[in-house]
Asks: 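Before I ask anything, here is the structure I am working with.
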Amino acid sequence: MTGSSRRSSFVLKGAIGIGRLLATVPPATDPAAFSMTGARWSFDDVTLVDCVQTAFTSAITLVPDAGPDTVTAAFVRSGDFTVHHAGRQLRFLEGSVAYFTGEAEVRVASTVDTHLTIVSIPRTRLTEQNVVLANTFGSFAYSTARRSPILSFLSALIDIVQNHSIPAEPTASVVAQLVGALFLEDENYHLRANQHDLGLRAQAESLIALGSADTSFRAHSLATQLDISLRQLEKNFVSTSVGTTPTDAIRDRRIMMAMLGMQSPAENHRTSAEVAEQAGFSSVRELGRALKNAYGLTVKEVLLSQIADSTLTSGRQQQRAAE
């Protein structure tokens with residue numbers, strides 16, 4: 001088993017805050033107006049940040065310190081910001097997603113308070129998924145970002161780890177796979193799919209999110225709701241994804257929700273049977289097979305790692321109280 005998630009809070013203000021970001025501002029700018037607050041979590045080699053930056057119209061030059069082997073995806077939850085990079089200027093509004101690598105130097109400005117959720121992963125985790133980045137900075141198609149389940153997963157994850165530590169794995173692997181899927185889906189958007197296919201896929205993903213908790217929900221159920229044949233649905237997934245079938249998408253959604261259920265705080269404890277049922281699996285055995293195939297872990301291993309982590313966290317808290 002790997003380690004546990006770690007959380008830290010931060011409040012960055014004024015020139016000192018800008019300095020901690022390893023950033024610079026134009027000489028004539030008053031840095032006192034700058035403010036950023038939030039929290040940072042680490043899951044082994046994957047990091048997650050949720051923060052709010054107040055409006056700061058002077059472009060901040062960010063020099064990433066993560067190194068060239070890190071890839072970061074920034075999700076705009078509300079507000080907007082403008083990025084200047086290599087002669088390009090891109091504006092990111094609510095619902096859009098930007099990405100950049102560790103060696104990218106960008107200038108960022110925001111005219112309103114902006115809420116961001118940011119994920120950073122090692123480039124090797126993307127390489128393992130056959131994702132190759134052609135640019136050091138860019139954006140995902142809006143439709144790609146909207147139909148991806150990653151933001152709903154990150155939101156639920158943040159709720160869980162806000163005040164509780166959980167095992168770093170397989171959470172880190174789930175996040176890395178979801179980020180990888182963003183790149184693969186976006187590549188399809190630009191190279192293969194037409195607008196009708198993408199619209200149908202977005203509808204399918206929404207219905208999966210709504211229906212996957214029902215154990216009777218299957219690929220043919222999804223096709224019926226979309227008023228198309230199962231064959232048409234499968235062809236749509238071929239044209240809008242890489243190696244993913246409707247059945248895969250339903251299973252992956254259920255695994256994602258089960259993982260969150262098993263890693264909930266102790267006071268919200270649910271049995272493995274309850275977790276399986278609420279995620280949409282017909283039994284613990286079916287959940288176990290899905291976990292084993294996806295991550296090489298059993299339900300027992302996930303639950304034991306959570307118990308061990310809770311015991312360790314409790315022991316540390318008691319030790320600090322005694323001191």
Side-chain angles (χ1 to χ4, degrees), residues 5-26 29-43 46-66 70-85 89-102 104-121 137-140 142 145-146 148-166 171-172 175 178-179 182 260 265:
S5 64
R6 298 188 303 276
R7 179 187 187 278
S8 59
S9 300
F10 60 85
V11 178
L12 307 177
K13 291 187 176 183
I16 295 177
I18 292 173
R20 287 184 60 187
L21 282 175
L22 298 182
T24 58
V25 296
T29 301
D30 178 10
F34 175 80
S35 175
M36 178 185 287
T37 60
R40 179 182 185 276
W41 295 268
S42 60
F43 305 88
V46 173
T47 61
L48 172 63
V49 173
D50 193 55
C51 63
V52 174
Q53 178 186 315
T54 55
F56 194 68
T57 54
S58 296
I60 303 173
T61 301
L62 297 175
V63 184
D65 64 341
T70 299
V71 178
T72 296
F75 301 80
V76 184
R77 308 292 294 276
S78 63
D80 72 79
F81 66 91
T82 302
V83 176
H84 306 262
H85 173 71
Q89 177 176 311
L90 289 177
R91 187 182 181 190
F92 294 88
L93 304 175
E94 179 177 339
S96 57
V97 188
Y99 72 85
F100 53 91
T101 61
E105 183 172 315
V106 297
R107 291 191 301 123
V108 181
S110 178
T111 58
V112 296
D113 293 359
T114 302
H115 178 190
L116 299 170
T117 295
I118 304 167
V119 177
S120 297
I121 65 174
F137 165 74
S139 62
F140 295 100
Y142 187 71
R146 286 296 299 270
S148 171
I150 185 170
L151 192 54
S152 60
F153 177 82
L154 294 177
S155 297
L157 178 61
I158 288 171
D159 286 341
I160 289 175
V161 296
Q162 195 67 251
N163 298 302
H164 301 270
S165 179
I166 65 173
T171 304
V175 172
L178 288 171
V179 173
L182 262 180
L260 290 172

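Residue numbers start at 1 and run along the sequence shown.
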Asks: Let's go through R7 and S9 carefully: what are the C-alpha distance in whole Å and the side-chain angles of both, what is the deciding distance for side-chain hydrogen bond (donor to acceptor under 3.5 Å, both in side chains) to 0.1 Å, and is it a yes or a no?
Replies: CA-CA 7 Å; R7 179 187 187 278; S9 300; 2.8 Å; yes
Asks: Using every non-hydrogen atom in the two residues, find where L116 and R77 come nearest and quote the distance to one decimal.
Replies: C-CG, 4.3 Å
Asks: Looking at L182, is its backbone amide N or carbonyl O close enough to the side chain of S148 to form a donor-acceptor pair, meaning the two atoms are under 3.5 Å apart?
Replies: no
Asks: Would you say S120's side chain and V71's backbone share a donor-acceptor pair under 3.5 angstrom?
Replies: no
Asks: Does the S165 side chain pair with the main chain of S5, one donor and one acceptor, at a distance under 3.5 Å?
Replies: yes
Asks: If you measure from OG1 on T171 to CZ on F153, what distance do you get to the nearest 0.5 Å?
Replies: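 Atom-to-atom, T171:OG1 and F153:CZ are 6.0 Å apart.
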Asks: Kindly give the heavy-atom pair with the smallest separation between H115 and C51, and that separation in Å.
Replies: CD2-O, 3.2 Å
Asks: Do the rings of F137 and F92 sit parallel, tilted or perpendicular, given the 30° and 60° boundaries?
Replies: perpendicular
Asks: If you look at every heavy atom in F10 and M36, which pair is closest and at what distance?
Replies: CE1-CG, 3.9 Å
Asks: In Å, rounded to the nearest 0.5 Å, how long is the span from CG of L93 to OG of S78?
Replies: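 It is 11.5 Å, given to the nearest 0.5 Å.
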Asks: Can you tell me if T114 uses its side chain to pair, donor with acceptor, with the backbone of V112 under 3.5 Å?
Replies: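 Answer holds: yes.
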Asks: With respect to I118, which candidate in T47, T72, L48, L154 satisfies the side chain to side chain contact (heavy atoms under 4.5 Å, CB included) definition?
Replies: T72
Asks: Rounded to the nearest 0.5 Å, how far does CG of L151 lie from CG of L157?
Replies: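 L157 atom CG to L151 atom CG measures 11.5 Å (nearest 0.5 Å).
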Asks: Between W41 and I158, is the side chain to side chain contact (heavy atoms under 4.5 Å, CB included) condition met? List the steps.
Replies: CA-CA 9 Å; W41 295 268; I158 288 171; 3.8 Å; yes
